[in-house]
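Not measured: the values here are computed from a predicted model. Residue numbers count from 1 along this sequence.
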Amino acid sequence: MFTEKLNSQRILLLLFLLSVFLLALNKIEDADTWIHLSMGRLIWNLKGLPDTEPFVYTMYGEPFSYSSWLFGLIYYIAYHAFNIYGVILLKAVTVTTAFYILVRDSLRPYKNHIAVIVIMTAVVIITRHRFVERPDTFLMVFLSFSIFSLNAFVYDNRKYIYALPFVHMLWANSHSSINLMGVPFLSFIIGGYIQQYLGKRGIRFSNTPSTSQLKIIFLIFIASFGASLIS
C-alpha cells in the first residue's frame, strides 16, 4: 500500500513537471531576448566584458552597464550550441526547475501532494505569461532555492544553506533583482526571534529555529551579501 502511494505521488509530480515543461516550450515572443543574445555573443567573442556601451546609440561610449551579463552569456552558449531551439529548451528547463524547487518546498512538512499540485497548477496558470527568455526566469530559480534551503535547514537541518553564497553570486550577475536576496534571510531571522520571544511567554510554534540556527542563517546572509558583490 505504501509503495503504491509513493509511486502514485511520483507519477503525479512527474506529470505536473512535464506539463510545466511543455507549456514553457513556446516560441520566442519577447523582443528583449535578442538584446540578451547580442550581449552574450559580445561577451563570448571578447572573452570578457567590454569597457563601453556598444549597442545603445544614446549611451555610446559610456561605461558598459549590463547587470544580466551572466544570463546573456549562458543563453548565447545555448544558442551557439543548438541555435534557437537551445534558447527555448534552456528557458523550459529553467522554468521547470523553478517549479520543481517550489513543489519540494511546499511539501514540507505535511507532504500533501494533491494539495500542493493543485495550488502549484494555479500558480502556473497565473505566471504562464512570464515563461519568457528573460533574466526573470533565473530569479525564479534563485529566489525559490533560497527559501527552500532556509526551510530545509530549519525543518530538517539540511545543509543546502551553505551553497547560498555561491548561488547569490550567480544571481547578482544574472539579474538586478539581487536586492530581494535579503527578504527570505530577514524573514527567517526576525521571524525566528519573534517566535522565540513569544515561546517564552507561552505561545508555542512548531519548528521554531534555535538560537544557533539563527546565528548560522545570519552568517550565511553576511557571506551571501559579500558574494553578491563579486562580479
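Looking at Asn45, its side chain does come within 3.5 Å of a backbone N or O of Arg41 through a donor-acceptor pair. Side-chain atoms of Arg128 come within 3.5 Å of backbone N or O of Leu23 as a donor-acceptor pair. With hydrogens and angles ignored, the 3.5 Å screen pairs a side-chain donor or acceptor of Ser210 with a backbone N or O of Gln213. With hydrogens and angles ignored, the 3.5 Å screen pairs a side-chain donor or acceptor of Ser68 with a backbone N or O of Ser174. Here the side chain of His175 pairs no donor or acceptor atom with the backbone of Ala172 at under 3.5 angstrom.
A continuous path of Ile, Leu, Val, Met, Phe, Trp and Tyr side chains, each step under 4.5 Å between heavy atoms, connects Ile147 with Phe166, placing both in one hydrophobic cluster. Hydrophobic cluster membership is shared by Tyr79 and Leu25, with clusters built from Ile, Leu, Val, Met, Phe, Trp and Tyr side chains linked at under 4.5 angstrom. Under the 4.5 Å side-chain contact rule for hydrophobic residues, Leu229 and Val167 share a cluster. Leu219 and Phe225 fall into different hydrophobic clusters, where Ile, Leu, Val, Met, Phe, Trp and Tyr residues are linked whenever their side-chain heavy atoms come under 4.5 Å apart, directly or through other members. Leu89 and Ile84 end up in the same hydrophobic cluster when Ile, Leu, Val, Met, Phe, Trp and Tyr side chains are linked at under 4.5 Å.
Between Phe148 and Phe145, the ring-plane angle classifies as tilted under the 30° and 60° cut-offs. Relative ring orientation between Tyr76 and His80 is described as tilted, the plane-to-plane angle lying within the 30° to 60° band. Ring planes of Phe71 and Phe138: perpendicular class, angle over 60° (limits at 30 and 60°). Between Phe153 and Tyr162, the ring planes are perpendicular. Angles over 60° get that label, and only those under 30° would be called parallel.
At least one side-chain heavy atom of Trp44 sits under 4.5 Å from a side-chain heavy atom of Leu73. Proximity of Leu180 to Phe142: side-chain heavy atoms (C-beta onward) are nowhere separated by under 4.5 Å. Taking 4.5 Å as the limit, some side-chain heavy atom of Phe185 sits within range of a side-chain heavy atom of Ile220. Contact of the Phe205 side chain with the Gln196 side chain is not registered, since no non-hydrogen atoms from C-beta on lie closer than 4.5 Å. Side-chain contact check for Arg201 versus Leu198: every heavy-atom pair is 4.5 Å or farther apart. A heavy-atom distance below 4.5 Å is not found between the side chains of Tyr110 and Val116. In this structure the side chain of Met39 never reaches within 4.5 angstrom of the side chain of Tyr75, judged on heavy atoms. In this structure, the side chains of Ile203 and Tyr197 stay at 4.5 Å or more apart for every pair of heavy atoms.
Residue Ile11 holds its CD1 atom at 12.5 Å from CG of Leu18, rounded to the nearest 0.5 Å. Note that the CG atom of Asn173 and the CE atom of Met169 stand 7.0 Å from one another [nearest 0.5 Å]. Note that OH of Tyr100 and CG of Asp105 are 12.0 Å apart. Values are rounded to the nearest 0.5 Å. The distance from atom CG of Leu102 to atom OG1 of Thr97, rounded to the nearest 0.5 Å, is 11.0 Å. Expressed to the nearest 0.5 Å, how far OH of Tyr155 lies from CG of Asn207 amounts to 5.0 Å. Atom CG of Leu17 and atom CG of Leu22 lie 11.0 Å apart (nearest 0.5 Å).
For Asn157, the CG atom is densely surrounded, since the number of other residues' heavy atoms within 6.0 Å is greater than 12. Residue Lys159 places its NZ atom among more than 12 non-hydrogen atoms of other residues, nucleotides or ligands, all under 6.0 Å distant. Crowding of Phe82 atom CZ: a count of heavy atoms from other residues, nucleotides or ligands under 6.0 Å not exceeding 12. Heavy atoms of other residues, nucleotides or ligands lying less than 6.0 angstrom from CZ of Phe218 number 12 at most. For Arg158, the CZ atom sits in a loose shell: 12 or fewer heavy atoms of surrounding residues, nucleotides or ligands are nearer than 6.0 Å. For Tyr85, the OH atom sits in a loose shell: 12 or fewer heavy atoms of surrounding residues, nucleotides or ligands are nearer than 6.0 Å.
Minimum interatomic distance between Leu49 and Ile43 (heavy atoms only, all atoms of both residues): CD2-CD1, 3.6 Å. For the pair Phe221 and Gly182, the tightest heavy-atom approach, listed with the atom from each and the gap, is CE1-CA, 3.9 Å. Across all their heavy atoms, Tyr160 and Ser149 have their closest contact at CB-OG, 3.6 Å. Across every non-hydrogen atom of Lys27 and Ile88, the tightest pair is CA-CD1, 4.4 Å. The minimum heavy-atom distance between Thr94 and Thr137, with the atom names listed, is CG2-O, 3.5 Å. When all heavy atoms of Pro54 and Phe64 are compared, the closest pair comes out as CD-CD1, 3.9 Å.
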Practice problem: Evaluate side-chain contact (heavy atoms from CB on, under 4.5 Å) for Val154 paired with Leu150, printing each intermediate quantity in order. | Solution: CA-CA 6 Å; Val154 172; Leu150 289 165; 5.7 Å; no
Practice problem: Take Ile114 and Gln9 through the side-chain contact (heavy atoms from CB on, under 4.5 Å) test and state the conclusion after the steps. | Solution: CA-CA 8 Å; Ile114 294 178; Gln9 291 173 345; over 6 Å; no
Practice problem: Test Glu29 against Phe131 for side-chain contact (heavy atoms from CB on, under 4.5 Å), laying out the working first. | Solution: CA-CA 10 Å; Glu29 297 179 343; Phe131 293 2; over 6 Å; no
Self-check item: Steps toward side-chain contact (heavy atoms from CB on, under 4.5 Å) verdict (Lys91, Val132)
Solution: CA-CA 7 Å; Lys91 182 267 303 288; Val132 292; 5.6 Å; no
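Test Ile161, Leu214, Val183, Asn151 against Phe188 for side-chain contact (heavy atoms from CB on, under 4.5 Å) and you get one pass: Asn151.
Counted by atom type alone, Ser146 and His168 present one or more donor-acceptor pairs between their side chains at under 3.5 Å.
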